[in-house]
Amino acid sequence: MTFEELRAMDEAYVMHTYGRFPVDIDHGEGATLYSLSGKKYIDFTSGIGVNSLGYGNPKWIAAITEQIGKLGHISNLFYTQPGALLAKALCTRTGMSKVFFGNSGAEANEAMIKVARKYSFDKYGKGRSTILTLNHSFHGRTMAALTATGQPHYHDYFFPFVEGFRYADPTLESIQAQAGEDVCGVMIELIQGEGGVRPLDKDMVQALAKLCQEKDWLLLVDEVQTGIGRTGALFAYQQFDLQPDVVSFAKGIAGGLPLGGILTNEKCAGVLVPGTHGSTFGANPVSTAAGLAVLDTMDQPFLDQVQEKGDYLRAGIQALGCPELGDVVGMGLMLGIDVKGSRTNQELAALLIDNGLLCLTAGDRLRLLPPLVITKDEMDQGLAILKQTLAG
Ligand SMILES: *Cc1c(COP(=O)(O)O)cnc(C)c1O
């Protein structure tokens, strides 16, 4: 099939919910991708923070192949090994108590919202169900996760919304101004990803954690984008010296298969009981086997390398001295670049992709989320494309 044939078929039959770049991807290795016609791309996107081990990772492929040959799915009515092993690995690595598995980030956040509301109901009864979230946040596309998302433009068309959400700026004063007897939790991203790679201030987050303790609000941390090694720790909350009550994860956990979920601490471990929550595909054996391969790969030296690679990439971008590029923000391999000059971040991303470097945008910034296994050579190739594109 040619690209033109593929594009025509996609346009004819696939719902137009995405603005796609005029590029197809056929296969890849490491952090390098190839189109049907053989055009090469360096990948600074990892499928929006998903393909943490890049493409063609032998350990990941072996884990999936072995599991799918045995059992692809059976439902949560029965015990299966991979989900239990992955839950144990996640709890052991974080000190958290329990895991619930779903399939996506939005679904993970829905579970997080349900934990917060039921925790509060069990303890205080009705009327304490409001969750505070932050402006510029992104928590997903399902109705409650969409309501939680603090960006008005996502709220067009789809009213009425789920009750019980209020929005604050990422300052303690603004959060306190939204406080009330009706609040049961505060939901935050430590680096707001879709909102423009906006890191929260560590002192503010620490103060917020204290406020949550005082008020018995659950501290709900959405690590769908920041989690699973992306920022140079298994979870970004570890770098913020936090002890969240619930943490959601998804994107990078299974290295490219659909999987998401939440981790809860001991206080919230027993909130969801049989009949209160579920997911048919949740803890799918193939996805959780893939997750085990991902987690097994992410030992401390691997995470240290994510940090070093992030530093290298950041320094490399700054050393380009491009007048169109401003500050580089973010942590580990989750980076945002300020864009100056007359071309927008969207226009620059389109040019870079045309020149063989896949990259993302978020807010007004360029956003880079390379596979965590990216090599120095691949980063150098990406930097060369940046340089050549921005010189032209
Ligand atoms: C991507 C993302 C989500 C939504 O994840 P889906 O898998 O697309 O449902 C939620 N929260 C954050 C922080 C994200 O980056």
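Throughout, numbering of the chain's residues begins at 1 and tracks the sequence. Numbering of ligands and ligand atoms starts at 1, following listing order. What you see is a predicted model; the values in this text were computed from it and never measured.
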What donor-acceptor contacts under 3.5 angstrom involve side-chain atoms of residues 325-338, with partners at least two apart or in another chain?
residue	atom	partner	partner atom	Å
Asp338	OD1	Arg365	NE	2.6
Asp338	OD1	Arg365	NH2	3.2

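The aromatic ring centres of His73 and Phe281 sit less than 6.0 Å apart.
The shortest side-chain heavy-atom distance between Val50 and Leu257 does not fall under the 4.5 Å cut-off.
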Please tabulate, one line per pair, the protein N or O atoms found under 3.5 Å from any N or O atom of ligand 1, giving the distance to one decimal.
residue	atom	partner	partner atom	Å
ligand 1	7 (O)	Gly105	N	2.8
ligand 1	9 (O)	Gly105	N	3.4
ligand 1	9 (O)	Ala106	N	2.7
ligand 1	11 (N)	Phe138	O	3.2
ligand 1	11 (N)	Asp222	OD1	3.4
ligand 1	11 (N)	Asp222	OD2	2.8
ligand 1	15 (O)	Gln225	NE2	2.7
ligand 1	15 (O)	Lys251	NZ	2.6

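Applying the side-chain hydrogen bond (donor to acceptor under 3.5 Å, both in side chains) test to residues at least two apart or on different chains, the pairs with a partner in residues 345-361 are Asn355-Thr389.
Classification of the Phe235-Tyr237 ring pair by plane angle, with boundaries at 30° and 60°, yields parallel.
Applying the side chain to side chain contact (heavy atoms under 4.5 Å, CB included) criterion to Lys376, with sequence neighbours excluded, gives Tyr312, Asp380.
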